[in-house]
A.B. asks: 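This is the structure I want to talk about, given as structure tokens.
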Amino acid sequence: MLQVQDHSIRPLTTAHLAQTMSLLALSNQELREKVLAEVAKNPALELVEERVCPGCQRKLHSRGPCPACSSQAPQDHAIVFLSPRDFTRPSTGRQLEETPPEQEPAAPEDIAIHVLQQLAADLLPEDRRLAAYVLSSLNEEGFLQDAPAYLARATSSTLTQVGRVLDMISHADPPGLATEGPRQALLVQLDILEDQSPLVGLARQILESAFAELGRRDFERIAVLVAAPVAQIRLAAAFIHDNLNPYPARAFWGSGRQPAGADPNVYHQPDIQISRPQTENGGPLVVEIFAPIAGWLRVNPLFRQAAQPAAEGQSEEWTKHLERASLFVKCLQQRNNTMRRLMQILVADQGEFIRSGDRFLVPMTRAKVADRIGVHESTISRAVAHKSVALPNGRIIPLTRFFDRSLSVRERIKELVGAEPQPLTDDQIAALLRREGVRVARRTVAKYRAIEGILPARLRHRRAIPAAAGI
DNA sequence: CTATGGCACGGATT
DNA sequence: AATCCGTGCCATAG
């Protein structure tokens with residue numbers, strides 16, 4: 001039911017504990033940077049790219065236990081670029097659900113001006129108007145909304161002109177702008193990187209013939225499609241993730257405004273993925289806790305050997321490195337362990353929520369979970385912070401959502417209000433909820449209404465579409 | 001008098 | 001220790 005690696009390691013020292021705590025609170029993205037930094041400065045740490053079975057040292061080609069000796073393989077998931085599905089918005093209900101505001105396109109004009117300025121020199125005078133028109137016609141993601149033929153007609157230009165201008169725009173600063181979609185944007189960006197890496201060719205091949213598979217991280221399948229070894233595919237995927245941006249316009253907006261750090265609303269790469277391989281009816285849920293790095297980390301055995309026979313001058317520094325390295329590795333394992341146990345409980349308790357939606361979220365507190373796992377509640381707090389999880393239906397939500405005590409009730413209120421012919425007062429709603437076994441104060445109903453953007457009964461009159469307009 | 005929004009207290013989170 | 005969230009109490013708009 002849960003496929004994750006596990007080395008149960010208990011805290012040993014206060015230093016260990018402290019570091020585990022700080023690592024626990026990091027998202028994958030942040031952890032990745034942390035790990036790379038640590039590896040860079042500590043020679044005793046070794047990042048092993050190949051997946052090797054810890055038991056028999058055989059190379060592994062697929063997930064799961066080693067086929068030869070069946071010991072658990074280290075958890076390893078290459079970090080892949082965000083697939084389109086990673087951005088899936090809850091489009092089911094008519095309400096805007098979670099995913100709050102999402103950075104407003106600051107001002108589309110900004111990006112247009114930015115691009116026009118770059119192109120000013122190279123742009124033929126007769127193409128100017130066309131370029132401006134094209135830039136203004138892009139959708140919020142920076143992609144083309146209209147077919148080239150349409151653009152040509154609208155500006156009475158020739159198709160060649162349009163093609164030329166589109167080409168120039170897409171290769172300008174936020175590269176990939178004015179393309180048809182994420183895939184085309186990525187391809188254009190590859191053009192620009194042409195000679196940067198030997199992986200470009202393979203990456204292009206993947207984008208062209210296995211884009212959907214890439215989104216699903218189905219490396220085995222990709223390998224078949226493009227006839228290349230899986231290891232290569234992983235490298236190429238990592239390259240794509242690290243160097244390309246499927247939504248060029250977002251990068252542009254993001255650059256000037258949000259300082260990247262603060263819990264952005266756009267979840268690029270989920271830290272955890274819950275899927276349900278057995279189609280339909282209750283198959284088991286599979287939880288994948290993504291590792292921040294493809295490959296795994298260990299204390300370099302050679303370094304350990306080398307440091308061993310020494311007690312002399314320099315070895316002191318080496319010993320320090322060794323200690324720090326092994327501490328770091330243990331902390332990472334501790335982190336994995338905590339995350340794994342946390343997810344076990346979440347899946348067990350909230351299976352219905354995961355499968356069927358917000359209404360079935362049962363209220364639970366971090367404290368209770370902490371109790372069951374046997375750790376301090378602040379540990380759970382950290383474990384849950386800054387993480388995102390992809391549900392089987394493709395939605396990506398913050399892990400803290402599992403602890404939202406009011407979500408299911410708010411959901412129910414939305415339903416009640418949406419369904420009832422007569423405007424229900426807060427008291428009536430509270431009564432209805434109580435009948436369903438939900439004990440909430442009338443005052444609280446009012447608060448939830450406010451949160452959901454539902455007007456008070458008085459103003460709701462008739463058939464008011466709970467449009468969350470305004471703002 | 002009834003339905004709501006404002007303010008403040010107590011427990012949960014960070 | 002600093003904050004956030006659910007509630008109770010109270011004043012105010014209908």
Side-chain angles (χ1 to χ4, degrees), chain A residues 11 14 17-28 30-31 34 97-98 100-101 259 261-265 271 334-335 338-339 341-343 345-346 349-350 353 358-359 361-389 397-414 416-418 420-462 464 466 468 470-471:
Chain A
T14 51
L17 193 55
Q19 190 171 13
T20 301
M21 285 300 153
S22 65
L23 290 183
L24 195 53
L26 298 178
S27 70
N28 255 346
E30 296 159 336
L31 185 60
K34 177 86 179 174
E97 282 186 38
E98 94 264 23
D263 193 359
N265 298 318
D271 300 304
Q334 181 70 42
R335 178 186 192 271
T338 304
M339 290 302 300
R341 291 198 286 175
L342 169 63
M343 290 313 296
I345 289 191
L346 289 186
D349 279 25
Q350 305 284 17
F353 162 67
D358 292 345
R359 266 189 59 190
L361 180 67
V362 330
M364 67 195 308
T365 76
R366 295 159 170 82
K368 284 205 189 95
V369 174
D371 223 35
R372 285 164 60 183
I373 295 185
V375 298
H376 194 278
E377 56 181 68
S378 75
T379 304
I380 298 299
S381 247
R382 294 173 199 273
V384 156
H386 310 304
K387 313 279 190 309
S388 59
V389 45
I397 60 174
L399 195 51
T400 52
R401 178 65 52 83
F402 281 90
F403 296 90
D404 187 326
R405 268 173 292 171
S406 61
L407 184 63
S408 61
V409 181
R410 296 206 306 269
E411 199 62 25
R412 189 73 190 114
I413 291 178
K414 281 199 290 188
L416 288 173
V417 171
E420 282 311 334
Q422 309 296 327
L424 295 168
T425 69
D426 290 348
D427 257 326
Q428 291 171 312
I429 294 177
L432 287 175
L433 289 175
R434 184 155 306 152
R435 213 165 293 166
E436 297 179 13
V438 185
R439 268 176 39 5
V440 278
R442 170 238 119 215
R443 187 67 190 77
T444 308
V445 173
K447 292 273 192 189
Y448 290 169
R449 258 196 316 96
I451 293 176
E452 296 300 334
I454 300 173
L455 293 169
R458 229 167 248 290
L459 302 175
R460 229 155 54 223
H461 283 316
R462 310 261 161 122
I471 310 179

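Every chain is numbered from 1, with letters handed out A, B, ... down the list of sequences.
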A.B. asks: As a test of reading the structure: which of C/dG6, C/dT7, B/dG5 is closest to the side chain of A/Pro456, going by heavy atoms?
C.D. replies: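 Nearest to the side chain of A/Pro456 among the choices is B/dG5.
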
A.B. asks: Name the nucleic acid region contacted by A/Thr365, choosing base, sugar-phosphate or nothing; use a 4.0 angstrom heavy-atom cut-off, strictly under.
C.D. replies: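 The answer is sugar-phosphate, as A/Thr365 gets under 4.0 Å only of primed atoms, P, OP1 or OP2.
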
A.B. asks: Please give, in whole Å, the distance from B/dT13 C1' to A/Leu399 CG?
C.D. replies: 15 Å

A.B. asks: Taking atom types as modelled, is there a side-chain donor on A/Glu411 or A/Ser408 under 3.5 Å from an acceptor on the other?
C.D. replies: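 The answer is no; no qualifying pair exists.
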
A.B. asks: Quickly work out the A/Ile454 CD1 to B/dA3 P distance and round it to whole Å.
C.D. replies: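 Checked: the CD1 to P distance equals 18 Å.
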
A.B. asks: Is A/Arg442 touching bases, backbone alone, or none of the nucleic acid, heavy atoms closer than 4.0 Å?
C.D. replies: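 Counting heavy atoms under 4.0 Å across all strands, the contact made by A/Arg442 includes a base.
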
A.B. asks: Work out which heavy atom in A/Val384 is nearest to a heavy atom in A/Arg366; give both atom names and the distance.
C.D. replies: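 Closest approach of A/Val384 to A/Arg366, heavy atoms only: CG1-NH2, 4.2 Å.
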
A.B. asks: Starting from the 5' end of DNA chain B, give me the residue, A/Lys447 or A/Leu424, whose nearest nucleotide shows up first.
C.D. replies: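 Result of the comparison: A/Leu424.
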
A.B. asks: Looking at A/Asp349 and A/Lys368, is any side-chain nitrogen of the basic one under 4.0 Å from a carboxylate oxygen of the acidic one?
C.D. replies: no

A.B. asks: Between A/Arg405 (CZ) and C/dT7 (P), how many Å, whole number?
C.D. replies: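 Rounded to the whole Å, the gap is 9 Å.
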
A.B. asks: Less than 4.0 angstrom between a side-chain N/O of A/Tyr448 and OP1 or OP2 of C/dC5, yes or no?
C.D. replies: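 Looking at the OP1 and OP2 atoms of C/dC5, neither is under 4.0 Å from any side-chain N or O of A/Tyr448.
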
A.B. asks: How long is the line joining CD of A/Glu377 and P of C/dC4, in whole Å?
C.D. replies: 18 Å

A.B. asks: Taking CZ from A/Arg443 and P from B/dT4, how many angstroms apart are they, rounded to a whole number?
C.D. replies: 11 Å

A.B. asks: By nearest atom, which of the nucleotides C/dG6, B/dG5, C/dT7 is closest to the A/Val440 side chain?
C.D. replies: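 Side chain of A/Val440 sits closest to C/dT7.
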
A.B. asks: Scan A/Arg366 against the nucleic acid and name what it touches under 4.0 Å (heavy atoms): base, sugar-phosphate only, or nothing.
C.D. replies: sugar-phosphate

A.B. asks: Give A/Ala385 one of three labels, base, sugar-phosphate or nothing, depending on what nucleic acid heavy atoms sit under 4.0 Å from its own.
C.D. replies: nothing

A.B. asks: Please give me the minimum heavy-atom distance between A/Leu23 and A/Arg335, naming the atom from each residue.
C.D. replies: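 Minimum heavy-atom separation between A/Leu23 and A/Arg335: O-NE, 3.0 Å.
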
A.B. asks: Can you check the A/Ile413 CD1 to C/dG6 P distance for me, whole Å?
C.D. replies: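 Atom CD1 in A/Ile413 sits about 11 Å away from atom P in C/dG6.
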
A.B. asks: Sub-3.5 Å donor-acceptor pair from the side chain of A/Ser406 to the main-chain atoms of A/Val409, do we have one?
C.D. replies: no

A.B. asks: From CG of A/Asp427 over to C1' of B/dT4, roughly how many Å is that when rounded to an integer?
C.D. replies: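 It is 10 Å, rounded to the nearest whole Å.
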
A.B. asks: Check whether any side-chain N or O of A/Ser378 sits under 4.0 Å from OP1 or OP2 of B/dT13, and answer yes or no.
C.D. replies: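 For B/dT13, OP1/OP2 do not have a side-chain N/O of A/Ser378 under 4.0 Å.
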
A.B. asks: Atom CZ of A/Phe402 and atom C1' of B/dA12: how far apart are they, to the nearest Å?
C.D. replies: 20 Å

